[in-house]
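Notes to accompany the following structure.
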Amino acid sequence: MNQMPHAGPGLWIQIQHRFGPRMMEWFMAFHTAMFGVVLLITPDLFAQPAWAGFRSLFPSEASLGWFMVLLGAARIGGLIVNGARKHVTPMIRQVSAGVGCIIWFGIVYGFATSGVISTWLAIYPLFGIGELVNIHRAAHDQGETRHESPL
């Protein structure tokens with residue numbers, strides 16, 4: 001099996017071909033990073049009632065913010081590597097989506113423990129479920145690569 005990455009125009013074509021089915025994974029990676037950026041640029045966010053549950057989980061907005069930025073950037077990097085490889089590496093995507101699932105359901109927990117009902121209830125649980133779908137898609141891709149003919 002040749003594991004050499006694509007080069008030149010082949011790289012761009014491969015990334016375009018793989019981007020469509022993985023668009024939700026890219027969206028979730030950028031959303032993770034941007035959630036972190038918002039935490040970093042908003043002082044005293046944890047002082048608001050809806051964020052009360054987060055105060056018991058993280059020492060500050062900055063600690064959660066940097067954590068989210070780093071995880072989002074790592075996932076973007078993994079998607080770039082996966083898109084540039086001639087043979088897909090779905091394990092990177094499975095692990096990333098698994099971590100994303102933990103993140104979004106953790107955010108649901110943080111908001112839910114605040115006792116404040118708001119729009120978070122319509123957003124973050126669905127992100128967690130979306131990550132379960134991403135795990136399933138990556139596992140399906142892994143099954144396809146295992147049973148691929150060696151031509």
Side-chain angles (χ1 to χ4, degrees), residues 1-40 45-46 50-51 53-54 56-59 61-114 116-151:
M1 278 181 133
N2 184 0
Q3 291 287 334
M4 296 297 295
H6 288 282
L11 173 63
W12 180 245
I13 291 167
Q14 192 66 21
I15 289 173
Q16 284 180 317
H17 172 73
R18 293 183 179 166
F19 180 77
R22 299 174 188 164
M23 191 179 317
M24 188 62 168
E25 294 174 56
W26 284 93
F27 173 79
M28 297 310 292
F30 280 103
H31 190 72
T32 301
M34 290 307 299
F35 191 97
V37 168
V38 169
L39 289 169
L40 291 171
L45 190 61
F46 283 5
W51 293 83
F54 291 88
S56 64
L57 299 172
F58 293 92
E61 295 90 341
S63 62
L64 178 57
W66 282 115
F67 182 68
M68 296 289 282
V69 167
L70 292 173
L71 287 176
R75 188 168 187 180
I76 291 165
L79 286 166
I80 290 170
V81 166
N82 189 67
R85 304 266 318 175
K86 187 170 186 171
H87 295 283
V88 297
T89 51
M91 187 62 75
I92 293 171
R93 294 174 41 229
Q94 289 174 4
V95 170
S96 295
V99 169
C101 187
I102 292 167
I103 287 170
W104 299 119
F105 284 126
I107 287 172
V108 167
Y109 175 81
F111 281 122
T113 57
S114 73
V116 176
I117 300 297
S118 72
T119 56
W120 66 264
L121 193 54
I123 299 168
Y124 301 112
L126 295 176
F127 282 2
I129 292 167
E131 292 290 23
L132 292 173
V133 172
N134 290 336
I135 293 168
H136 174 74
R137 286 183 177 171
H140 183 267
D141 288 352
Q142 185 173 21
E144 284 183 355
T145 60
R146 273 195 201 144
H147 302 353
E148 192 175 88
S149 68
L151 296 177

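In what follows, every heavy atom counts, from backbone to side chain, and hydrogens, waters and symmetry copies are set aside. If you read the sequence from its start, that first residue is 1, and numbering goes on from there.
Minimum interatomic distance between Asn134 and Ala97 (heavy atoms only, all atoms of both residues): CB-CB, 3.8 Å. Annotation for Ala29 and Leu79: closest pair CB-CD1, 4.3 Å, computed over non-hydrogen atoms. Nearest heavy atoms, Glu61 versus Phe46: OE2-N, 2.7 Å. Nearest approach of Pro90 to Ala138, heavy atoms of both residues: CB-O, 3.3 Å. What you find for Gly128 and Cys101 is that their closest heavy atoms are O-SG, 3.8 Å. Ile92 and Gly78 get closest at one heavy-atom pair: CG2-CA, 3.7 Å.
Looking only at side-chain heavy atoms (C-beta outward), Phe105 and Ile129 come within less than 4.5 Å of each other. For the pair Phe111/Val116, no side-chain contact is recorded, criterion being any heavy-atom separation below 4.5 Å from C-beta on. Within the 4.5 Å cutoff, the side chain of Phe35 has no heavy atoms near those of the Ile103 side chain. The side-chain heavy atoms of Phe54 and Thr113, taken from C-beta on, include no pair separated by under 4.5 Å. With contacts defined as side-chain heavy-atom distances shorter than 4.5 Å, the pair Phe27/Met24 qualifies. Side-chain contact between Trp26 and Ile80 is present, with at least one heavy-atom pair separated by less than 4.5 Å.
Here the straight-line distance linking atom CD1 of Ile123 with atom OG of Ser118 works out to 8.0 Å at 0.5 Å rounding. With rounding to the nearest 0.5 Å, the separation of CG in Leu70 from OG1 in Thr32 is 11.5 Å. We find the CD-CZ distance between Glu25 and Arg137 to be 8.0 Å, quoted to the nearest 0.5 Å.
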* To do: For side chain to side chain contact (heavy atoms under 4.5 Å, CB included), just list the numbers for Leu39 and Trp51, CA-CA rounded to whole Å, side-chain angles, deciding distance to a tenth of an Å, and then say yes or no.
  => CA-CA 11 Å; Leu39 289 169; Trp51 293 83; 3.8 Å; yes
* With side chain to side chain contact (heavy atoms under 4.5 Å, CB included) as the test, would you mind laying out the steps for Met68 and Ile107 before giving the verdict? => CA-CA 11 Å; Met68 296 289 282; Ile107 287 172; 3.8 Å; yes
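Other residues, nucleotides and ligands contribute at most 12 non-hydrogen atoms within 6.0 Å of the CH2 atom of Trp66.
Between Phe127 and His31, the angle of the ring planes goes over 60°, which puts this pair in the perpendicular group of the 30/60° scheme.
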